[in-house]
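Working notes, structure below.
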Protein chains: 2
Amino acid sequence: MKLTSKGRYAVMALVDLARFDNINPVSLRDISLRQGISLDYLEQIFSKLKKNEIVKSIRGTQGGYVLNKNPNEIKLTNIFHAVDEKVKTVQCKKESKKGCNGKATKCVTHNLWDELEVHINTFFENKSLKDLLNNNQETRV
Amino acid sequence: MKLTSKGRYAVMALVDLARFDNINPVSLRDISLRQGISLDYLEQIFSKLKKNEIVKSIRGTQGGYVLNKNPNEIKLTNIFHAVDEKVKTVQCKKESKKGCNGKATKCVTHNLWDELEVHINTFFENKSLKDLLNNNQETRV
DNA sequence: TATAAACTTGACCATTTTAGTCGGGTATGT
DNA sequence: ACATACCCGACTAAAATGGTCAAGTTTATA
Ligand code: FES
Ligand code: FES
């Protein structure tokens, strides 16, 4: 079970953005330099964040990105959903009655993995960008 | 974030084993047929489970595997550790002061991912094979 | 109005991981 | 003896990951 860089980068970048976008739009170039993330990769990520209305873009010189919502309205769930970082604990189709490995019924551990998925998603549901900002000011001292 | 088949199979197989090993050793062939898991793959998995003293093997005809501990002493943590299914939420070295992407300090989200890792591991720590057996008898009705 | 900064889009790619397979063993109950 | 079942290591096809690259379009500002 590992968290992919795409998900990690998305959150890193948004925390960075949240810190600086009150002053003026933040360019991906700046985020790239500050966070050490490839610029080209960031562009892919922000394209998705924009489609999901988490950020707004301003084109042209002095342009960049700005948050499209308040930090406390942006949950990790929203961010992960935007960049397709999904929690997947089973192979079988959730809706179908069928189990994994082509079995006719759900396997002996299916409920367990379902529980696990809920457990993890709860964490993402309960964290917003704002939490990360506060948290970070604390550890900054 | 996805759970790999190796981890899922290990737990499936052990639940199967726990159900039948009071009578006599359970062969991988039987588990393979009942659970729909490749026999060759199961052998790799059980080799690790054995090294970690979660199961014992009996060779020869009528042989097979038996649990090496009580179901309530076998936690998901133990199983996952045995088959190298580890939870990994960060890229950076935990021990090092250095951050991800070669930065000198830990990044703005490091604490978050640490929390997440603990959150997930807590789930695995609190579930034993016994829980799965009980749970399953309930849903069997 | 020329220029450069910065977003936009889509294709491409190397590496790593996953989920196995395969081919040989060795031990042992009947 | 022989079939059953564990044991062990090498190999591999396919998918996912973590990017890169090329070719735009938009817009502030000098
Ligand atoms: S995981 Fe859903 S049926 Fe096995
Ligand atoms: S995740 Fe540990 S420093 Fe970024």
Side-chain angles (χ1 to χ4, degrees), chain A residues 1-10 12-13 17 20-21 24-33 35-52 54-66 68 80 83-91 100-102, chain B residues 1-10 12-13 17 20-21 24-33 35-52 54-66 68 80 83-91 100-102:
Chain A
M1 294 218 84
K2 68 177 68 148
L3 186 68
T4 67
S5 289
K6 192 165 53 177
R8 214 178 317 107
Y9 288 170
M12 281 172 71
L17 187 59
F20 296 107
D21 77 341
N24 37 37
V26 180
S27 71
L28 293 189
R29 191 177 147 278
D30 286 356
I31 297 180
S32 166
L33 290 172
Q35 305 298 331
I37 303 171
S38 144
L39 176 58
D40 285 317
Y41 203 24
L42 273 179
E43 288 185 334
Q44 285 184 44
I45 292 169
F46 272 75
S47 150
K48 292 180 179 182
L49 292 174
K50 193 192 167 186
K51 279 200 191 91
N52 283 263
I54 290 171
V55 297
K56 270 184 305 199
S57 67
I58 292 105
R59 302 184 68 164
T61 315
Q62 305 300 332
Y65 287 93
V66 193
N68 197 21
F80 279 5
V83 300
D84 309 306
E85 170 84 42
K86 35 184 168 270
V87 178
K88 197 159 182 288
T89 58
V90 295
Q91 204 81 13
C100 47
N101 299 338
Chain B
M1 294 217 82
K2 68 177 69 148
L3 185 68
T4 68
S5 289
K6 192 164 54 177
R8 213 177 319 107
Y9 288 171
M12 279 171 74
L17 186 60
F20 296 107
D21 77 340
N24 38 36
V26 180
S27 71
L28 293 188
R29 191 176 147 279
D30 286 356
I31 297 181
S32 166
L33 290 174
Q35 305 299 330
I37 303 170
S38 142
L39 175 59
D40 285 316
Y41 203 24
L42 273 178
E43 287 187 335
Q44 284 184 45
I45 291 170
F46 271 76
S47 150
K48 293 180 179 180
L49 292 174
K50 192 191 168 185
K51 278 200 191 93
N52 282 263
I54 290 172
V55 297
K56 269 184 305 196
S57 67
I58 293 105
R59 303 185 68 163
T61 314
Q62 305 299 332
Y65 286 92
V66 192
N68 197 20
F80 279 6
V83 300
D84 309 305
E85 171 85 42
K86 36 185 167 269
V87 178
K88 198 157 181 288
T89 58
V90 294
Q91 206 80 13
C100 47
N101 299 337

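Note on naming: letters A, B, ... go to the chains in the order of the sequence lines (proteins, then strands), and numbering restarts at 1 for each one.
- Within the 3.5 Å criterion, the main-chain N or O of B:Ile37 finds a donor-acceptor partner in the side chain of B:Ser32.
- Along DNA chain C, read 5' to 3', the first and last nucleotides having any atom under 4.0 Å from a heavy atom of chain B are C:dT18 to C:dG29.
- At distances below 3.5 Å, not a single donor-acceptor pair connects side-chain atoms of A:Ser57 with backbone N or O atoms of A:Tyr65.
- Taking both residues in full, the closest heavy atoms of B:Phe80 and B:Gly7 are given as CE1-O, 3.6 Å, listed atom of the first, atom of the second, then distance.
- Formation of a donor-acceptor pair under 3.5 Å by the B:Asn52 side chain with backbone atoms of B:Lys48 is found in this model.
- Considering only heavy atoms from C-beta on, B:Lys88 stays 4.5 Å or farther from A:Leu3 through its side chain.
- Between the B:Glu85 side chain and the A:Met1 main chain, a donor and an acceptor come within less than 3.5 Å of each other.
- A donor-acceptor pair under 3.5 Å is formed between the side chain of B:Asn101 and the backbone N or O of A:Gly36.
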For nucleotides 14-18 of chain D, tabulate all protein N/O to nucleotide N/O atom pairs closer than 3.5 Å, reporting atom names and distance.
unit_1	atom_1	unit_2	atom_2	d
D:dG18	OP1	A:Ser5	OG	3.4
D:dG18	OP2	A:Ser5	N	3.0

note = With B for base contact, S for sugar-phosphate-only contact and - for none (protein heavy atoms under 4.0 Å), nucleotides 2-12 of chain D reads -BBSBBB-B--
message = Show, in sequence, the C-alpha distance, side-chain angles and deciding distance for A:Asp21 and A:Val66, and conclude whether the side-chain contact (heavy atoms from CB on, under 4.5 Å) test is met.
response = CA-CA 6 Å; A:Asp21 77 341; A:Val66 193; 3.3 Å; yes
ask   = Run the side-chain contact (heavy atoms from CB on, under 4.5 Å) check on A:Ser27 and A:Gln62 step by step: do they pass?
value = CA-CA 8 Å; A:Ser27 71; A:Gln62 305 300 332; over 6 Å; no
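- Taking the side chain as every heavy atom from C-beta outward, B:Pro25 and B:Lys56 never approach each other to under 4.5 Å.
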